[in-house]
Each structure stands twice: as C-alpha cells, then as structure tokens.
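Following: one structure in structure tokens, then a few remarks.
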Protein chains: 2
Amino acid sequence: MARRGRVELRRIEDRTSRQVRFSKRRSGLFKKAFELAVLCDAEVALLVFSPAGRLYEYASSRCA
Amino acid sequence: MARRGRVELRRIEDRTSRQVRFSKRRSGLFKKAFELAVLCDAEVALLVFSPAGRLYEYASSRCA
DNA sequence: ACCTCTATATATAAACA
DNA sequence: TTGTTTATATATAGAGG
C-alpha cells in the first residue's frame with residue numbers, strides 16, 4: 001500500500017481527498033491555535049475559508 | 001529526568017519557559033496554517049500577539 | 001536569544017467501517 | 001460523510017551549548 005503519514009506540499013488534486021484533508025487539518029490547526037493562546041498567554045485570531053467558501057474562526061479573548 | 005514531550009493545558013508559569021514555548025509553538029502554528037492553505041486550497045488568516053505585545057501574522061493570498 | 005539533540009507526544013494519510 | 005484504525009511523519013519538551 002501507499003506510504004502513510006507523508007504528504008507533498010502542494011494542492012491536493014482529488015476533490016474528496018482534499019475535503020477530507022481540510023476537515024482533519026482544520027481541526028488540528030484550531031487546536032494548536034487554542035493551545036498557543038492558553039499555554040503562552042498569547043492572543044490569537046484565526047480565520048479560515050474553505051474552498052467552498054465556508055468560514056471557520058477562532059479568537060482567544062482575554063477581555064471577554 | 002522529567003518526561004519529555006508532554007504538557008498540561010494551562011498557562012506556563014515560568015516566564016522564560018513560556019517565551020521559549022511561545023517561539024516554538026508559534027513557528028509550528030504558522031507552518032500548519034501555511035500547509036492548510038496550500039494543500040487544501042483554503043484561505044487562511046492568522047494573527048498572534050505575544051504576551052509582550054508583538055504581532056505576528058500570516059495570510060494566504062489567492063488574489064495577490 | 002537561538003541552536004542542537006532526542007525521547008516522547010501528537011498529528012495525520014490511507015484504508016476501511 | 002463521519003468516524004475508527006494504525007503506520008508513519010511531524011511537533012515539541014526539556015536539557016544542553
């Protein structure tokens with residue numbers, strides 16, 4: 001089977017694979033953003049638009 | 001020695017450790033943001049303020 | 001502040017349920 | 001599509017330079 005875990009750094013051509021990758025990596029990215037804010041007392045804002053145009057966002061809030 | 005690689009999800013009390021952690025995790029986060037944009041054809045904006053108030057930013061740009 | 005090392009933890013690609 | 005599995009890749013904590 002194909003080697004797992006590794007990826008070339010370029011646009012994923014297959015639409016379905018790209019959508020699946022997007023969902024998984026988006027989750028990971030938001031988690032990392034949250035951890036950076038909490039662990040390091042930083043303020044973080046993250047905006048992501050999917051290729052389909054859907055918006056996902058996160059903002060740490062010290063003042064809320 | 002203490003166990004490596006693991007971390008509790010709360011503010012790091014030691015100032016120096018927190019700054020070191022911040023630098024490392026900030027690098028990782030920006031890399032992940034870039035990869036998401038490239039691999040998945042997404043638009044990503046990321047803003048981070050360090051505890052010292054310094055700004056770090058990234059924005060993918062499909063239209064630039 | 002910034003590097004290297006490396007053990008360990010975490011993320012994740014592909015397959016499949 | 002949404003989740004699980006599992007092999008592999010990547011991130012990173014802590015120590016040291």
Side-chain angles (χ1 to χ4, degrees):
Chain A
M1 69 181 73
R3 301 179 64 172
R4 297 182 182 187
R6 194 158 63 170
V7 68
E8 281 186 276
L9 193 54
R10 66 175 184 185
R11 183 174 182 276
I12 298 164
E13 291 303 322
D14 181 69
R15 178 189 171 82
T16 302
S17 295
R18 194 168 65 244
Q19 289 179 333
V20 171
R21 278 314 89 239
F22 177 75
S23 293
K24 291 186 177 182
R25 280 182 171 264
R26 175 171 48 80
S27 297
L29 183 64
F30 276 82
K31 183 179 180 183
K32 291 286 189 185
F34 172 72
E35 290 178 352
L36 181 68
V38 172
L39 291 171
C40 303
D41 201 24
E43 294 191 82
V44 179
L46 177 60
L47 292 176
V48 178
F49 284 96
S50 73
R54 186 174 295 184
L55 171 65
Y56 301 86
E57 58 186 314
Y58 164 72
S60 63
S61 49
R62 286 200 294 205
C63 307
Chain B
M1 70 181 76
R3 299 180 64 172
R4 299 182 182 186
R6 194 158 61 173
V7 67
E8 281 186 276
L9 193 54
R10 65 175 183 185
R11 183 175 181 274
I12 297 164
E13 291 303 323
D14 181 69
R15 179 188 170 82
T16 301
S17 295
R18 194 169 62 243
Q19 289 180 333
V20 172
R21 269 332 76 244
F22 177 75
S23 293
K24 290 186 177 183
R25 280 181 171 265
R26 175 172 47 81
S27 297
L29 183 63
F30 276 83
K31 183 178 179 183
K32 291 287 189 184
F34 171 73
E35 290 178 352
L36 181 67
V38 173
L39 291 171
C40 303
D41 200 25
E43 294 190 83
V44 179
L46 177 59
L47 292 176
V48 177
F49 284 96
S50 73
R54 185 174 296 185
L55 172 64
Y56 301 86
E57 58 186 313
Y58 165 73
S60 63
S61 50
R62 285 200 294 202
C63 306

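In the text below, chain A, chain B and the rest are named by the order of the sequence lines, each starting its count at 1.
Distance CD (Glu8(B)) to P (dT8(C)): 19 Å, rounded to an integer number of Å. Rounded to an integer number of Å, the gap from Phe22(B) CZ to dA1(C) C1' is 14 Å. Atom CG of Asp14(B) and atom C1' of dA15(D) are 14 Å apart (whole Å). Remark: C1' of dA11(C) and CG of Leu36(B) are 13 Å apart, rounded to the nearest angstrom. In this structure, the CD atom of Glu35(B) is 9 Å from the C1' atom of dT10(D), given to the nearest Å. If you measure from atom CZ of Phe34(B) to atom P of dA11(C), you get 21 Å, rounded to the nearest angstrom. Regarding Arg18(B), its CZ atom lies at a distance of 14 Å from the P atom of dG14(D), rounded to whole Å. Taking atom NZ of residue Lys31(A) and atom C1' of nucleotide dT12(C), one finds them 12 Å apart after rounding to whole Å.
With hydrogens and angles ignored, the 3.5 Å screen pairs a side-chain donor or acceptor of Ser27(A) with a backbone N or O of Ser23(A). The closest donor-acceptor contact from the side chain of Arg11(B) to the backbone of Asp41(A) lies at 3.5 Å or more, if one exists at all.
Two residues are said to be in side-chain contact when any heavy atoms from C-beta on lie closer than 4.5 Å; Tyr56(A) and Leu47(A) fail this criterion. Inter-residue side-chain proximity for Val44(A) and Phe49(B) is flagged as unmet; no heavy-atom pair is nearer than 4.5 Å.
For the pair Val20(B) and Leu29(A), nearest-nucleotide mapping onto DNA chain C gives the more 5' position to Val20(B).
Side-chain atoms of Lys24(A) lie closest to dA15(C) of the nucleotides dT2(D), dA15(C), dA11(D). Listed nucleotides: dA1(C), dA11(D), dT12(D). Nearest to the side chain of Gln19(B): dA1(C). Comparing atom distances between the Lys32(B) side chain and each of dT12(D), dT10(D), dT2(D) picks out dT10(D) as nearest.
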